[in-house]
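Structure first, then comments.
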Amino acid sequence: MGSLLQVLFDALSLGSLYALGALGIALIFGVMRLVNFAHGDVIAACVFALLWPSVDAVAIIFAGNLPWYLLVPFVLAFGAALSVACEALVFRRFRRANPATMMIASFALGFVIRYFLLMLFSSRPKSVSLLPALSQPVEILGARIPLLQLITIAVTMAVLFGLTAFLRRTRFGLEMRAAAENFTMARMLGVRANRVIMGAFALSGALAAAIALILGSQTGTANIMMGASVMLMAFIATVIGGMGSLAGAVLAGFLLGAVATVMQVILPPEARAFRDAFVYGAVILVLIFRPQGLLSARGTRERV
Amino acid sequence: MSLLALSNVSVRYGRLVAVRGITFSLGEGEILFITGPNGAGKSSLLRAIAGVTPPSGGRIDFADHDITGRAPEDIARFGLAMVPEGRDAFGGLTIEENLMVGTGMHSATRGWKARAATELEAVYATFPILKDRRHAQAGLLSGGQQQMLVIGRALMTNPRLVAIDEPSLGLAPNITDQVYERLTALLAMRKLTLLIVEQSSTRAMMVGGRMMLMRGGEILLDGDARALGQSEAMQAAYFGYGEP
């Protein structure tokens with residue numbers, strides 16, 4: 001019972017991370033058909049926002065020393081601002097470009113962010129003790145669950161409910177959903193393209209920041225590559241969820257987390273090193289049988 | 001003073017010229033049908049007016065604004081409501097949400113919420129089927145219902161000009177009758193200028209008003225719908241024998 005519960009919480013917390021990442025990608029894909037590969041580097045940048053630039057091995061904690069009620073809004077705002085800046089400085093110039101061009105631009109932008117971090121912080125991973133109180137375990141029905149896992153799951157649920165309420169109940173959310181289905185039609189109804197796209201980037205950046213906070217506390221390190229692995233899984237989740245479908249992205253994120261965790265448990269020890277190969281194999285199977293994704297998005301028309 | 005005025009407007013897609021230097025104006029309260037065969041440039045012309053495909057040449061004035069090259073959301077704010085071909089309802093949104101999308105652009109003016117609510121009731125009065133299914137997803141509606149939805153959605157923006165691209169496309173004739181019935185009823189109720197694109201001139205002759213015939217990106221004929229519809233010149237121009 002205890003170990004089963006442990007696996008469940010492992011799966012949920014890993015899935016949360018993937019779901020948050022997939023949401024950030026699906027939000028932007030929904031409104032502008034851009035697959036934003038710079039998302040992972042925005043995550044990394046958010047972790048480094050806690051540090052003072054230096055190439056020394058020992059990190060100089062800067063914003064990371066703030067109390068949590070200031071730290072969390074600061075990182076979220078930083079992520080949103082960075083993401084909006086990416087839109088204003090780079091992606092806005094590619095509005096009328098085809099999706100492949102935009103995707104390549106996002107790769108390039110990701111490299112720019114990554115090497116900027118490299119220049120400021122060097123490639124050595126740095127240790128950051130972010131919110132150390134969270135790594136203590138909690139006893140639930142005989143299972144020892146790290147408090148951070150519980151918080152990760154709770155935060156993800158809160159984000160999902162908050163985002164759903166935002167999209168369903170607010171005027172801006174209505175405009176975003178309309179724009180995600182048919183951007184041109186939404187504009188002909190007076191929906192401002194720039195505002196909606198900026199909003200999507202701000203939300204996506206804040207989601208990246210949430211992942212950064214979770215990853216930073218979980219691993220205790222800041223590494224310029226740390227966004228990449230989450231980004232890859234999150235991207236796969238958006239694909240098997242059905243590009244642009246927010247619900248699909250979340251569902252697939254949790255599914256991937258579950259599959260990865262279960263494989264870790266059931267695979268024979270000598271095969272565990274190849275866990276990811278099995279996960280990707282499962283992804284291929286899903287795509288063979290449902291190439292449009294689990295929940296395919298409705299609006300697949302041309303964008304702006 | 002005309003509500004909409006085009007002078008020498010051209011639209012091209014790369015090297016393909018869809019609209020060749022068109023000039024016409026449309027007065028407040030007029031009904032204009034633009035007819036013509038497939039590929040005549042009718043939809044391209046509408047897209048240029050709505051700001052979706054900026055014209056490659058010429059000038060468009062609407063409601064005392066030069067709207068040449070302006071963004072669609074700005075043109076919509078001046079009072080142009082576009083109902084594009086293929087009934088672009090937001091399928092995943094409910095009917096009521098579809099209707100409300102276009103009201104947000106007036107959110108800077110006072111009392112817009114009350115006005116939107118009144119407008120919503122007016123649209124529901126015109127299209128009762130929409131009210132019955134107000135919380136259903138728009139994607140589940142039949143073609144005729146969707147056509148009524150997108151016309152209702154256009155009316156919700158409190159427009160001065162409603163431009164409709166092929167309202168009868170893909171609809172059974174009796175459903176098309178219903179759509180036009182509602183449209184003409186609307187015209188009797190409120191001050192509205194209509195620009196309707198149709199392939200055939202039959203509807204124009206039934207409803208009446210002004211009709212233009214487009215072919216090869218140019219306007220070949222312009223006149224009273226009923227008179228034009230029966231003329232020999234119309235037939236000739238539509239099918240392209242004996243240059244008019």
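Quick caveat, the model's predicted, so the values are computed rather than measured. Residue numbers begin at 1 in each chain, while the letters A, B, ... track the order of the sequences.
Nearest heavy-atom pair, A:Glu181 versus B:Gly91, reported as atom, atom and distance to 0.1 Å: OE1-N, 2.8 Å. Here the closest heavy-atom approach between residue A:Glu175 and residue B:Gly104 is recorded as OE2-CA, 4.1 Å. Closest non-hydrogen pair, B:Ala76 versus A:Gly190, comes out as CB-N, 3.8 Å.
The contact between B:Thr103 and chain A is made by backbone and side chain atoms together, counting heavy-atom distances below 4.5 Å. Of the atoms belonging to B:Met156, not a single heavy atom falls under 4.5 Å from chain A.
Counting non-hydrogen atoms of other residues, nucleotides and ligands closer than 6.0 Å to CZ of B:Arg134 gives a total above 12. The neighbour count for A:Phe289 CZ, taken as heavy atoms of other residues, nucleotides or ligands under 6.0 Å away, does not exceed 12. Residue-environment remark: CZ (A:Phe111) stays at or below the threshold of 12 foreign heavy atoms within 6.0 Å. When the shell of 6.0 Å around CZ of B:Arg190 is examined, it contains more than 12 heavy atoms from other residues, nucleotides or ligands.
Contact of the B:Ser107 side chain with the A:Arg171 side chain is not registered, since no non-hydrogen atoms from C-beta on lie closer than 4.5 Å. Considering only heavy atoms from C-beta on, B:Phe90 comes within 4.5 Å of A:Met185 through its side chain.
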Q.
Between A:Arg192 and B:Asp74, does the salt bridge (Lys or Arg N to Asp or Glu O under 4.0 Å) criterion hold? Intermediate values first, please.
A. CA-CA 8 Å; A:Arg192 293 213 181 277; B:Asp74 294 333; 3.0 Å; yes
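Panel note: side chain B:Glu73, backbone A:Ala193; a donor-acceptor pair is recorded below 3.5 Å.
When the ring-ring contact (aromatic ring centres under 6.0 Å, His included) test is applied to A:Phe254, no partner is found at least two apart in sequence or on another chain.
Between B:Arg153 atom CZ and A:Leu189 atom CG the span is 5.0 Å, to the nearest 0.5 Å. Distance check: B:Leu46 CG to A:Met188 CE gives 9.5 Å after rounding to the nearest 0.5 Å.
Per-residue counts of heavy-atom pairs under 4.5 Å with chain A were compared for B:Ala154, B:Ala50, B:Gly102; the largest is that of B:Gly102.
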